[in-house]
Amino acid sequence: MPELAEVDFFRRRWWEAAARQTVLSAEINPPSRVFRSFAKEFAGGTTALAKTLSGAKLTDSATHGKQMWFVFKPGAGNGKPKELLWLGIHLGMTGHLRAELPDYRAQKHDAIILRFSKHALVFNDARQFGRVRAWLGAAKERPPWLRDLPNEILSSAFTPELVRSVCARHARAPLKAVLLDQSYFPGIGNWMADEILWRASLHPALPAGRAATQVIAKKLHATIQQVTRDALRVIAGQGKKLPPDLNVHIPDTWLFNHRWEKGGLCPKTKNPLHRAEIGGRTSCWSPARQKLGQA
DNA sequence: CACGATGTTCCCTG
DNA sequence: CCAGGGAACATCGT
């Protein structure tokens, strides 16, 4: 499910339920594939993670694209006093976070349950394409997996020139595939990419090199930022109250509500939408406004 | 029963 | 080493 706005929605759901609270107990279910390679990266593996989390205070949280993390201050007697614990969560395809009542009983595919006095925080992932990481370090440091992150889409370093150079470098790849590259466009996923290309009137199969002009890159850059702002506002309730769930009302003027509909129509032209696999993913576009011939 | 799903990573080829 | 394409991962819902 999750692209950058959904990721921030889930982060907020945990944070608003348990910010600055202390973990009473932690249940970690290592059979879940989300802990693949965990033991290699965290001394003591999932057992040590559960032990460190128990008695720790949730002190911070953040996202970067599809990455999200929670920072804990471990309780006394757990490691060095000045160390903090970073818990990184990637939701993969089907991962989600919930805040349940304190007496919540584990369900199928629950990978993590953190019990606090007022809530139980749950990470559940049926397909287990998600991933959990953890790291202990001094307060001023950062886990290796949070170093050297790409520029966030709404940061000032994310420029039209950056978009242009990425398109030039991957000149022969379909534009859709380039937009899905997390090392350049952190947080963009399948629906956002389709939404961006549709709004910018660019065909998903357009070789990216043909978008590597100043004019097109500028338009693409502006559309990427606009879709990102819209998604964060509508889905994650940015700057407002957290929406109760992900079934928020998405305006029918977006492609979003039409891209999976049978016989779906382009909201702008009212002509039929097309679907095909491009860049390894099912893509939806409006042939009436997104043409391969002209960019 | 078959197909595909809002993702990432590894492997192969040129 | 790079760019690009395809398969694999695992489960569930239509």
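Lettering of chains follows the sequences in order, A, B, ..., and the numbering in each one begins at 1.
- Atom CG of A/Leu179 is separated from atom P of B/dG7 by 13 Å (rounded to the nearest Å).
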- Task: Apply side chain to side chain contact (heavy atoms under 4.5 Å, CB included) to the pair A/Trp135 and A/Glu141, showing each step before the final yes or no.
- Result: CA-CA 10 Å; A/Trp135 190 76; A/Glu141 298 178 49; 3.6 Å; yes
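- In summary, the aromatic rings of A/Phe158 and A/His221 are positioned with their centroids under 6.0 Å apart.
- Looking at A/Arg36, its side chain does come within 3.5 Å of a backbone N or O of A/Arg33 through a donor-acceptor pair.
- Taking atom P on both nucleotides, B/dC11 is separated from C/dA10 by 15 Å, rounded to a whole Å.
- The cationic group of A/Arg289 lies under 6.0 Å from the six-membered ring centre of A/Trp198 and within 45° of the ring axis, placing it in a cation-pi geometry.
- Both key distances under 3.5 Å define a Watson-Crick or G-U pair, and stretches of 3 or more such consecutive pairs in DNA chain C run B:2-5 with C:11-14, B:7-14 with C:2-9.
- For the residue pair A/Lys108/A/Asn124, the side-chain donor-acceptor check at 3.5 Å is not satisfied.
- Using bins of under 30°, 30° to 60° and over 60° for the plane-to-plane angle, the ring pair A/Phe256/A/Trp254 lands in the perpendicular bin.
- In this structure, A/Ile188 places its CD1 atom 11 Å from P of B/dG7, rounding to the nearest Å.
- Using a 4.5 Å cut-off between side-chain heavy atoms of Ile, Leu, Val, Met, Phe, Trp and Tyr, with links allowed through other members, A/Ile224 and A/Val7 fall into the same hydrophobic cluster.
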- Tell me, for nucleotides 9-14 of chain B in 5' to 3' order, what letter each nucleotide earns: B for a base near a protein heavy atom under 4.0 Å, S for only sugar-phosphate near one, - for neither? S-----
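- Atom pair A/Lys66:NZ and B/dT8:P shows a separation of 4 Å (rounding to whole Å applied).
- Between the side chain of A/Ser25 and the backbone N or O of A/Arg115, no donor-acceptor pair lies under 3.5 Å.
- Here the side chain of A/Asn29 pairs no donor or acceptor atom with the backbone of A/His109 at under 3.5 angstrom.
- Ring orientation note: the planes of A/Phe10 and A/His96 are tilted relative to one another, at an angle of 30° to 60°.
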Could you pull out the protein-nucleic contacts involving nucleotides 4-11 of chain C (nitrogen or oxygen on both sides, under 3.5 Å)?
{"from": "C/dG4", "atom 1": "OP1", "to": "A/Arg172", "atom 2": "N", "distance (Å)": "3.0"}
{"from": "C/dG4", "atom 1": "OP1", "to": "A/Ala173", "atom 2": "N", "distance (Å)": "3.3"}
{"from": "C/dG4", "atom 1": "OP2", "to": "A/His170", "atom 2": "ND1", "distance (Å)": "2.6"}
{"from": "C/dA10", "atom 1": "O4'", "to": "A/Arg127", "atom 2": "O", "distance (Å)": "3.4"}
{"from": "C/dA10", "atom 1": "O3'", "to": "A/Gln128", "atom 2": "NE2", "distance (Å)": "3.4"}
{"from": "C/dA10", "atom 1": "N1", "to": "A/Arg127", "atom 2": "NE", "distance (Å)": "2.8"}
{"from": "C/dA10", "atom 1": "N1", "to": "A/Arg127", "atom 2": "NH2", "distance (Å)": "2.6"}
{"from": "C/dA10", "atom 1": "N3", "to": "A/Arg127", "atom 2": "NE", "distance (Å)": "3.2"}
{"from": "C/dT11", "atom 1": "O3'", "to": "A/His109", "atom 2": "NE2", "distance (Å)": "3.1"}

